[in-house]
Amino acid sequence: MRARAGRLPDPVRISFLGGLGEIGRNCACLETDGRIVVLDCGVMFPDPDMPGIDLVLPDLSYLRERAAAVEAVVLTHGHEDHTGGLAYLLRDLEVSVFGSALTLGLARHRVEEAGLEHRARFVEVGDGERRTVGPFDVEFIPVTHSVPHGFATAFHTPQGVVLHSGDFKLDLTPVDGRLTDLGRMGALAQDPGIRLLLSDSTNAEEPGYTASETTVGATLQRLFEARPGRRVIVTCFASHIHRVQQVARAALATDRKVAFLGRSMRKNVDLARRLGVLELPEESIVDIEDVDEAEPGEVCVISTGSQGEPLSALALMAGGESKWLRLRPGDVVVISAHPVPGNEWAVGKVIDGLYRRGAEVIHSAVEPVHVSGHARQGELQTLLSITRPEWFIPVHGEYRHMVNHAQLALRTGVEEKKALLCEDGDSVVLDDEGLHRGDSVPAGFLYVDGTVGDVGHGVLRDRRVLAEEGVVLVVATVDVHAGEVVTDPEIVTRGWVHAPEAEALLEEASRTVRAALQEAIAAGATDHESLHRHARRALGRFVGERTRRRPMIVPVVVSV
Ligand SMILES: [Zn+2]
Ligand SMILES: [Zn+2]
């Protein structure tokens, strides 16, 4: 698609709103001629240092301010780090949303919960299809991953082909036989050539190749066979339909019926069966309510909670609080997932709880009951060698993953100056000359707690101090006209010292504040602001000197 003489083809601008520097909240914008297509709109799950935060979103203000120009959202696959932000985006704009039937089905759950499905026009696309999406001609190329029916997307633009890998691995024996279409990507590399490749960096530090998903099925079958007469409970991600399929196959092969536990598991299984992605005859399913009465060796429960989430089905089981399932000695629990970084501790606690109930626990450290959905170094280099991009930007990863991925690209022959490291908020412009860095865009973390938008960095900083050091409040009444502190200031604390055992310390603190205020008034301080400042400073110093702690200090000075 080169321009005719006299007019240069429009440049293509790509802006990264999230996903480059963290695993999560993947979101990029591709635009040309003033028209924008959004590629994925995901959430990130909070780190342990974000107390009370439910979710983290990309800053969507770039899109909100250009709402009229945003023509569509393309979803590469159904994971929440790619689709979970859609419900928030739809608050501000109405768009067409393109993706595979399963991807759209998974994405719809959250959109429907928010009551916003009328603001989106969902457009299903099949493997290998080409569609006009906003200003681009987009080709949907199958890839293997840990959720079925994911796509790489080839954007045919005025500046040539921009290929985005999506989340992928090169599974040569996938559960459904649907392979990553390297043939098509190779053909694109041949004609018209790939101008720019954006590729998944998650496992760029891992040498070798990720094992096939079907190896997990073989392991499960072996484990099930070796435990006749015993009840088996398997937990995995609710969107990992191929894992669910393999657990179900192993269960049926060992004469066990299958029950599903956990809201998202039941929802996703219903969806996948309806779409024919999950094959499971009705008569092989047993209701979770009937599991406790069934013979232990005749049932297999597939459950949510593989990340140790506190209210998940598995955590409740481990705590003996599950309404549906009372664990007994002899039960076997298989954790068919890796803890996402940050969740290791929570998963460890759940495993402890399961052992306390007498269950045997099998997890990925003791048996190969899990494989990643992301390509390792060997696969990443294979993709680079097949696609032979002129320019390369590693995406989807923490900074170190992207650095390693860029180095892999150089080894496959990408020129050093043509492998660009970008981060959230960066933009690049592809034109006739090549790829340049563009203006930056807002891309901060948007914290969601309850309803979106009311938790900023300041609130989060306060929460961290409160969580780590507690709070000390002093309430003092002053009579500025008489020039005196009326009563002994009252000290109230949570999380600094246990008040009933620290009476003397609190009294001393009160006297210290009283003296400081008295002195300040005598020196002429009468306004609220300076009285507050004196109270805070005196109390802060006292607390620091006497306890070597730094709680939040809140002065309340009332004048009469
Ligand atoms: Zn994914
Ligand atoms: Zn992802």
Side-chain angles (χ1 to χ4, degrees), residues 16-28 38-47 55-58 73-86 99-100 102-107 109-110 140-153 163-171 174-176 178 180 198-206 210 213 216 236-244 264 268 272 277 306-307 336-343 370-376 379-380 383 393-402 405 422-424 443 445:
F16 301 104
L17 301 188
L20 278 69
E22 66 273 326
I23 303 283
R25 50 174 224 138
N26 294 288
C27 187
V38 182
L39 183 60
D40 287 333
C41 188
V43 294
M44 182 171 100
F45 294 100
D47 292 339
L55 289 173
V56 185
L57 291 176
V73 177
V74 169
L75 299 176
T76 57
H77 64 286
H79 279 152
E80 292 209 273
D81 61 321
H82 297 258
T83 64
L86 188 59
S100 69
L102 181 70
T103 300
L104 296 182
L106 292 168
H109 287 162
R110 240 179 223 276
F140 295 83
I141 303 171
V143 291
T144 49
H145 183 43
S146 43
V147 60
H149 296 188
F151 289 132
T153 41
L163 178 67
H164 186 281
S165 72
D167 287 11
F168 81 103
K169 68 194 267 190
L170 301 181
D171 193 333
V175 171
D176 58 359
R178 177 184 176 273
T180 297
L198 307 152
S199 177
D200 174 6
S201 309
T202 313
N203 279 347
E205 288 182 314
E206 309 287 329
T210 296
E213 178 61 29
V216 175
C236 64
F237 275 110
S239 59
H240 203 333
I241 305 301
H242 285 159
R243 189 64 55 81
V244 172
S264 55
N268 292 356
V277 183
S306 65
Q307 296 303 307
S336 188
H338 270 316
V340 171
N343 292 345
H370 176 72
V371 294
S372 170
H374 297 274
R376 290 184 170 208
E379 295 152 273
L380 295 174
L383 186 76
I393 299 176
V395 297
H396 199 288
E398 290 167 13
Y399 196 67
R400 62 177 205 276
H401 302 140
M402 299 191 293
H405 200 178
C422 294
E423 292 188 80
D424 293 346
F445 283 13

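Computed over heavy atoms, backbone and side chain alike; hydrogens, waters and symmetry mates excluded. Each ligand, and each atom within it, is numbered from 1 in the order the structure gives.
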Report, as a single number, the protein N, O or S atoms less than 2.8 Å from the Zn ion (ligand 1).
4
Do Leu380 and His374 touch side chain to side chain, with heavy atoms closer than 4.5 Å?
no
Can you name the N/O/S atom of His396 that is nearest the Zn ion (ligand 2)?
NE2
side-chain hydrogen bond (donor to acceptor under 3.5 Å, both in side chains) partners for Ser372, two or more places apart:
Asn203
Does Val56 reach the side chain of Phe45, with side-chain heavy atoms less than 4.5 Å apart?
no
Can a donor-acceptor pair be found, under 3.5 Å and without considering hydrogens, that links the side chain of Glu379 to the backbone of Thr210?
yes
Is the His396 to His164 ring centre distance short of 6.0 Å?
no
Side-chain touch Ile23/Glu398, heavy atoms, less than 4.5 angstrom:
yes
